[in-house]
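Structure first, then comments.
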Amino acid sequence: MSEKILLIDGHSILNRAFYGLPDLTNSEGKHTGAVYGFLNILFRILEEEKPDYLTVAFDLHEPTFRHKMYEAYKGTRKPMPSELREQVPLIREVLTSMGVKTVSMAGYEADDLLGTLAFRSEKQGMDVTILSGDRDLLQLATDKIMIRLPKTSRGKTTIENFHAEQVLEKYQVTPPQIIELKALMGDSADNIPGIPGVGEKTATKLIVQYGSIENAHEHLEEVKPNKAKESLREHYDLAVLSKTLATINTDSPLEFAYEEARLQDLYTPEAYELCKRLEFKNLLSRFDAASVSQQTMTDDFFTCEDLSGAEALFQKAAAKPYVGVELLCDREDVYGVGIALEEEEVYHIPAQGLMTGDYLCGKLKELADTTVLCCMDVKSVLKHVKLTETSHVFDTGIGVYLLNPLKSSYTFDDVAKEYLDGKLLPTREDLLGKDSIQKAWEKSSEGLGTYACYVAYTALASRGPIEKALHETEMWKVYTEIELPLVFTLNSMEEWGIRVKGEELKSYGEKLSVRIQELEKMIWEQAGEEFNINSPKQLGVILFEKMGIPGGKKTKTGYSTAADILEKLAPEHEIIKNILEYRQLAKLKSTYADGLSAVIEPDRRIHSTFNQTITATGRISSTEPNLQNIPVRMELGRLIRKVFVPEDGFVFLDADYSQIELRVLAHMSGDEKLIQAYREAQDIHRLTASQVFHVPFDEVTPLQRRNAKAVNFGIVYGISSFGLSQDLSITRKEAAAYIEKYFETYPKIKGFLDELVATGKEKGYVSTMLGRRRPVPELKSSNFMQRSFGERVAMNSPIQGSAADIIKIAMNRVYERMKQEGLESRLVLQVHDELLIETKKEEIETVSKILEEEMKGAAHLSVELEIDMHEGENWYEAK
DNA sequence: TGTTTCACG
DNA sequence: ACGTACGTGAAACAA
């Protein structure tokens, strides 16, 4: 049986994948959709064809010979969007990693190389398959050369196959005559002019009849449609030129060794790593375990079995400047520790026998007096090892987060790849599967030990590169002066938690249930049937189809039933009112009443986790439960705050910054008028209204104030007329007019925001006042939506991020002060611009003063930082 | 697992 | 013509 070669038109398939599939980006914002689509189709074809050889051809970037000819004649080609262009090197990298031969040559298009290889291979007796999205390639079809054209319709990819016979069937001409057709019709995408007035129909007729352009020209007088006759007469030269342009060169001087193109195992460790980096999760399953673990580090780690060994180890460690540490633990127990003394000297100490968890933790605490403990996550270690602010630690996770806050997770294997020259380590899942630490411990302490060693190794080895990068990006200060101390502050908040009255929460929930059931009944009655009100899909059908409420479609899955839409649509409908109330109550019950009840711990307190490495802007986030979104805007929800109470003998002191983001904006932009406004006014929105609408301060109407407030918010969010118009229910034009007036009033604000976008575009990131960075890859997108998003982000992030920096500083200072002054009061919550202190009654005065001083003094801006402070027996009262 | 909705700043 | 305000997390539903 003859051998088979598969030739792929790289750019064309990449193009297909790009336009045929939704744009995909990985968590770092890298565009990967086209590469993903390319690989999927490649794998599919390989399974169908099972070729012996495989080669992918690419155009070089420079304009090729054939195009130059025409570009000189008329215009240039449309540029490739950057999201696609950046994927070209990526697909080549992936193919190379899989050992796939790629070819390209100066002065020749991919078509030419494909044609050349196809004919060469055919001559050698091979069967040839060409995969392309470009119909031009049909001119190459023969009995042995098959052209395969993938087509995407309705999300499904079907492939059309053409040997010479099928070309004749479909186009009524032989493959070489495809050139004639094209030369007559022209092709704007390929810059082939063609001749005017001749489309597919006429061209086909002419070629079927005369066989070629030249022959048709010789029989010009017989040529039928008069229009075609005249056009051919007049533009014959153009047709001949077009023919040259349309002809694929099948005889290029490409050097090609078939052995290099022989198809081998594509599932190499390199390809696996690359796919993982690109987050092609579906593709990873194609790689078998064997190829995965090959190139990884050889794990010759040591295990420390007995107490004397451990003693010696810690002694040795104490002499080192840095060690890598991974504590194997969960919330309750310590199972052991991995310690890296040197990059080649890594130990695992299981917690067993005399080496109890407590013993290990004590040793670590002691070690941190002299040696920097490098950990992936210091705060989790703190749960067991009572390190203090004077302990020496390095937090790899936070370092990596600062360097790229867009990543969604910071696992050790990712860190190794990024900061250790692409070093490939097995992942946690490779080593432990999906087991928890506890589960893995019960199975075998050995695999767990290996895992601990890899993590400890990574923490030690990556410390240097990360530290260097933090210096280079001028974020070392943010790291040491804000983030690292904050680890201790947050840990303390987590450990204290906040007291919650469980019984009251329960009865609150029961009260809600009664009303929810009433509403449910009423809604079902009004709808005329029972259905699940919580299902947006069912609700949409009921409202917009059954009840015939004029509804606009909105989401990709159907009707939007979001509150603001329903409110605008039919505020008078009784059912709508009921649904909105139902929704509100259902939310309160499920998320807050039931949700919070479920996480009250035996100490009657809720211990949330404050995450420091999640947000893109530098804010912290709160999970399990989220205590940063406890209701406050609506009275009914706000009542929940009554169940958050201080311990006996304590009260709550709640302090929040007044409009910190607007003040930051005033400072960063340096706009004198806004700064002056803040120096004068208690009511900034009113003053803004007065200045923007040119009315005396005392004559500002409530509506004007509301509008000014919305504009102020809009500015902080990265203003757009559309967003503002939505918010205020006005037209875009009106919104645009407000914005313009605002910028006229505060001229430097406009300049400042424009500058943010410009430098963001230039540098690829924007920065806060303290130097924290956020990359904004979207700014370079050719997609209008994405680019606009990037612009808003560029305007918002420095503001939101600077405010976040400031309150973090305040938290650290408040925490430090209370500790230094030996107070029993403690910081328990942070809600972005608000701090909640569980304050000992005797310390109220002192703590108020500390809050006032440290919050106001956290930054020195050209406008004062004001705070509002309240005292209360519960959170409701204190706010 | 992704989508929708909604709670907060 | 495109279809958005910025930043989060949790619950419920729909596949």
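Naming convention: chains lettered A, B, ... in sequence-line order (proteins, then strands); numbering from 1 in each chain.
- There is no side-chain donor-acceptor pair under 3.5 Å between A:R772 and A:T617.
- Considering only residues two or more places apart in sequence or on other chains, A:R641 meets the salt bridge (Lys or Arg N to Asp or Glu O under 4.0 Å) condition with none of them.
- Across the protein-nucleic acid pair, A:L829 atom CG and B:dC8 atom P stand 15 Å apart, rounded to whole Å.
- Between A:L835 atom CG and B:dG9 atom C1' there is a gap of 13 Å when expressed in whole angstrom units.
- In this structure, A:R732 forms no cation-pi arrangement with A:F722, as its terminal cationic atom is not both closer than 6.0 Å to the ring centre and no more than 45° off the ring axis.
- The phosphate of B:dC8 has neither OP1 nor OP2 within less than 4.0 Å of any side-chain N or O from A:R638.
- Ion pair A:E494/A:K379 flagged as a salt bridge, since at least one NZ, NE, NH1 or NH2 atom sits closer than 4.0 Å to an Asp/Glu carboxylate oxygen.
- One atom, CG of A:D868, and another, C1' of B:dG9, lie 15 Å apart when rounded to the nearest Å.
- Within residues 508-521 of chain A, no residue has any heavy atom closer than 4.0 Å to DNA chain C.
- In this structure, A:T557 does not reach the B:dT3 phosphate: none of its side-chain N or O atoms is under 4.0 Å from OP1 or OP2.
- Within residues 775-799 of chain A, no residue has any heavy atom under 4.0 Å from DNA chain B.
- B:dT5 atom P lies 12 Å from atom NZ of A:K556, rounded to whole Å.
- Residues satisfying the side-chain contact (heavy atoms from CB on, under 4.5 Å) criterion with A:A804, sequence neighbours excluded, are A:R619.
- Checked for salt-bridge contact, A:K521 and A:E518 miss the test: no charged N lies under 4.0 Å from a carboxylate O.
- Judged purely by atom type and a 3.5 angstrom limit, A:S802 uses its side chain to pair as donor or acceptor with the backbone of A:M769.
- Within a heavy-atom distance below 4.0 Å of DNA chain B, the residues of residues 579-600 of chain A found are A:R583, A:Q584, A:K587, A:Y592.
- A:N534 comes within contact range of the sugar-phosphate backbone alone, with a heavy-atom separation under 4.0 Å but no base atom that close.
- Taking 4.0 Å as the cutoff to heavy atoms of chain A, we find the contact window on DNA chain C bounded by C:dC2 to C:dA15.
- Ring-plane geometry between A:W875 and A:F644 is classed as perpendicular, the angle between the planes exceeding 60 degrees on a 0 to 90 degree scale with a lower cut at 30.
- When rounded to the nearest whole Å, the span between CE of A:M634 and P of B:dA7 equals 8 Å.
- If you check every strand for non-hydrogen atoms under 4.0 Å, A:Q800 touches a base.
- Base pairing in DNA chain C gives the following stems of 3 or more Watson-Crick or G-U pairs, range against range and under 3.5 Å: B:1-9 with C:6-14.
- Distance check on atom P: C:dA5 versus B:dT5 gives 12 Å, rounded to whole Å.
- Within 4.0 Å of A:A803, counting heavy atoms only, lies no atom of the nucleic acid at all.
- Comparing the P positions of C:dG3 and B:dT4 gives an interatomic distance of 14 Å, to the nearest angstrom.
- Listed by chain and residue number, nothing satisfies the ring-ring contact (aromatic ring centres under 6.0 Å, His included) test with A:Y582 (two or more places apart in sequence, or in another chain).
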Using atom types as modelled, flag every donor-acceptor pair under 3.5 Å from a side chain in residues 738-745 of chain A to any protein atom, sequence neighbours excluded.
from, atom 1, to, atom 2, distance (Å)
A:Y738, OH, A:N707, ND2, 2.9
A:Y742, OH, A:N712, OD1, 3.2
A:T745, OG1, A:K741, O, 2.7

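- Nucleic acid contact for A:Q538: sugar-phosphate only, since backbone atoms but no base atoms lie under 4.0 Å from a heavy atom of the residue.
- Among residues at least two apart or in separate chains, there is no salt bridge (Lys or Arg N to Asp or Glu O under 4.0 Å) pair with a member in residues 556-571 of chain A.
- DNA chain B lies under 4.0 Å from at least one heavy atom of each of the following residues of residues 623-631 of chain A: A:Q628, A:N629, A:I630, A:P631.
- Counting to the nearest Å, the P atom of B:dC8 and the CH2 atom of A:W875 are 11 Å from each other.
- Applying the salt bridge (Lys or Arg N to Asp or Glu O under 4.0 Å) rule to pairs touching residues 703-722 of chain A yields A:D683-A:R705, sequence neighbours excluded.
- Classification of the A:Y36-A:F280 ring pair by plane angle, with boundaries at 30° and 60°, yields tilted.
- Salt bridge A:E838/A:R499: absent, no basic N to carboxylate O contact under 4.0 Å.
- The same atom, P, is picked in B:dT3 and in C:dT4; the two are 14 Å apart, to the nearest Å.
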